[in-house]
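Labels below follow one simple rule: chain letters A, B, ... track the order of the sequence lines, proteins then strands, and each chain is numbered from 1. Note: hydrogens, waters and symmetry copies are ignored here, and every other heavy atom, side chains too, is used. Given the structure is predicted, the values throughout are model-derived calculations rather than measurements.
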Amino acid sequence: MRSHHHHFAVSTDGPDKNDDVERAKCEGKEMTKEEKQRLRKEKKQQKKSKEKKDDAASQESEKGKKSDGKSSPASQPLPKPTTQKAPSAVPAPAPFPMPASEAPAPADKPAKSKAELKAERRARQEADRASKQGSKKGEVGPQASAGKPKAPPSELQPVVKRLPEHMQVDNPDVLKKLAKKLERQQIPLRLDYGYKVSLFSHLHQYSRKAPLTQQLSIPSTVIHPAIVRLGLQYSQGIVAGSNARSVALLHAFKQVISDYTTPPNEELSRDLVNKLKPYISFLNQCRPLSASMGNAIKYIKKEISNIPSQCKEEEAKRKLLNCIECYINEKIILAAKAIAKYSIEKISDGDVILVYGCSSLVNHILCEAFEKAIKFHVIVVDSRPRLEGREALRRLVQRGISCTYVLISAVSYILPEVSKVFLGAHALLANGYVMSRVGTSQIALVAKAFNVPVLVCCETYKFCDRVQTDSFVSNELDDPDDLIVTRKGKTQLEDWQQVDSLGLLNLVYDVTPPDFVDLVITDLGMIPCTSVPVVLRVKNVDQ
Amino acid sequence: MVTCYNIITIAVNECRTQKLVEYFKAQMRKNPDMASAVAAIRTLLEFLKRDKGETILGLRENLTWATDCLTGVDSSVAVSSGGELFLRFISLTSLEHQVCCLLPWEGVCDLTLAIANLCFSVFQDLSRCKKVMEERGELFLEKISMSRTKVAKLCHTFIKDGTKILTHSYSRVVLRVLEKAAAEKKRFSVYVTESQPDSAGRQMAEALRKLNVPVTVVLDAAVGYVLEKVDLVIIGAEGVVESGLYHKIGTYQMAVCSKAHNKPFYVVAESFKFVRLYPLNQQDVPDKFKYKADTLKTVQNLSEEHPMIDYTPPSLITLLFTDLGVLTPSAVSDELIKLYL
């Protein structure tokens, strides 16, 4: 470790070291500023290896502190953690207690950079120690997107005060902040898997074979078992589909609330919200939250914080459970009925309706229309790797609706026969774009070219304030191993990780511009895609 | 006994219908320049004044029945939309600002009822309630009588000296706009399509000649031919829907041609013509608007009749001039949401 220090302009030999220390004592502030500048220069000049960083850190810790005594113990702990870390190649709860003490440092450090210099220096020292350990961890951990060496955050660089709305997984500062936050909530950090295509490297990519629950210690007192079960269901794809996920989430929260007891000297309205935060982080780690889930969580948090403080616990819990029931009933079940009523006006005898994938709402509409004895034919379009269309096909055929099944590659072949296209939506964005399963925008595009009307069915609780014009900025990457398929005993892409230049991309969502959508059917009626902000505005006025 | 009662109610209804229709026709005759929707609303107001109902529910039912009657006489979109808006306007008093909430279209009737009940309970008196409704009715009528002037004021600035304008069929709003432009001493010339099957275009040409505006009548088939000479296209509207426009048959092809020639396509309409329908294509236009009322009653096989209305999608429309302002086609839906909610 120490062998490489001769590369430095500032030597770390004994006599010089003492001189520097003495100088530090006398000249105080100026010394550290010069050191700072020197340090920055060094960083810019050379691509440091981890050992060099070690030296810089130890050097600083020796010189930075005013008192001599602290400098030696400061250097002592440094070799120790590194040896401890070396055996733990796989991320496990073990390394976490160690960085726990260091982790708060990066946040404190920049905040105090404007404050007293002494605290600043101490914080710098701790930060460098932490960054050194962090970079060590990166070296030993699995080849992941964090393969880039984490540069120690420069002292004067402002830290991100809160996580940006869109993921920036390839930004090491953001990752660090996330890791620190998760640690504080005692939730394991899920690591990315496999090579990510460069356009999407800012998103997480998890493997289904490594669920987050494997990293949880048993028993986990922080996370309620209903939430753990829900997280597992999400990450394994057992609960899928926007409505299903929201309803499952709300039911799990009902469970949490009924099992909740207010600790003494705490208010239910504040404490319960704080209890929910680690659960939400956990679920986010299992599978990124959808827009509908986000809106549901916002609603619950608002309801909880609106509980008056003099309300007794039993009554408060009852009220909350009631609120959640109402929300599910109004926003999902009754909304589906209203949407079905409007949609049936648009379905006439002899129609050929095209649907894509499996949307619970669209299936509901078609079943209702069939019950009203309207004669129509359905074409179900499906796509790999999820093949959700088969589920939709099963449900429709069970009801007795006549269906045709094609894959998405045949869409331009059958579209001349189609009279209407019904699509479901994952979310409706504020600029009128429709976010839905990948492949939806393709179908809308081809339908527009054939002059076939495209109708999107979406409940209002899926409307979100976000604005997005492309599918790159914010999306979800599914397990790339899903694209591997075995046919006739041969699995073509089995060794895709070995091929350096090969990346598998399994996108989940895409974004359809409002020019391709003719009509959006919501529980408020039929509106054009561009009227989404008006609805959002009116809803906000209500609440 | 039951049949006797039925006969009496039918007779009574017939009587009432007749009176209503007569008043409506009288209004139309008195002022031929007035929009049919305005005449309808005047009729409804008069009906409200003469109504001898005892309950709010009865009153509302009667008004709805009267609106249906009138649409039976004159099956234009404007009459039905005007009637609906009238009903909403008089029922929603200032109380609704506290009670305002988002409802699906069907729930609006219940809202009207709820508000009317509220206003009734506040005023403790059906007659006072009726008085409030009548006042608001008068206010509504005044507002919409001014609407054509407002539209003309907004639109005439788009007509510059030397402009050649193409218009379709006979529309009183367009006439008012061109009047205003002529009054501003602008020099422009107009091409009017003949607009079969009722040759309404010739009527328009006559009216324009009286204003000393150079006008040429062209065949419906000559629209593509004449479009390279014109600078802009201005047409009126029978009804404005969330997804476009209803107007006399022939409007759709004019819109498509002007899009192909990149000429601006302007629509002038009063706000009471806004209706919350959402057709997706020509097939979606309801029959009651497509054909005249008497045709619907007398003819058995509608597929032999020629429709009077066609639907123009919003992508072909440049701007809409209304008394609510100059709107883009997508803003129409926002205005509709505000009007109807």
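- For Tyr252(B), the OH atom is loosely surrounded, since the number of other residues' heavy atoms within 6.0 Å does not exceed 12.
- The number of heavy-atom neighbours closer than 6.0 Å to CD of Glu368(A), taken from other residues, nucleotides and ligands shown, is above 12.
- Highest contact tally toward chain B, considering only Thr522(A), Val534(A), Leu519(A), is held by Leu519(A) [criterion: heavy-atom pairs under 4.5 Å].
- Between Asp284(B) and Lys346(A), the shortest heavy-atom distance links the atoms OD2-NZ, 3.6 Å.
- Between chain A and the options Leu277(B), Leu280(B), Asn281(B), heavy-atom pairs under 4.5 Å are most frequent for Leu280(B).
- Within a 6.0 Å radius of NZ in Lys143(B), no more than 12 heavy atoms belonging to other residues, nucleotides or ligands are found.
- What you find for Arg276(B) and Met526(A) is that their closest heavy atoms are NH2-O, 3.8 Å.
- In Phe450(A), the CZ atom is crowded: over 12 heavy atoms of neighbouring residues, nucleotides or ligands sit closer than 6.0 Å.
- Heavy atoms closer than 4.5 Å to chain B are found in both the backbone and the side chain of Pro528(A).
- When heavy atoms are compared at a cutoff of 4.5 Å, Ser243(B) does not approach chain A at all.
- In this structure, chain A has a heavy atom under 4.5 Å from the backbone of Pro279(B), while its side chain stays farther away.
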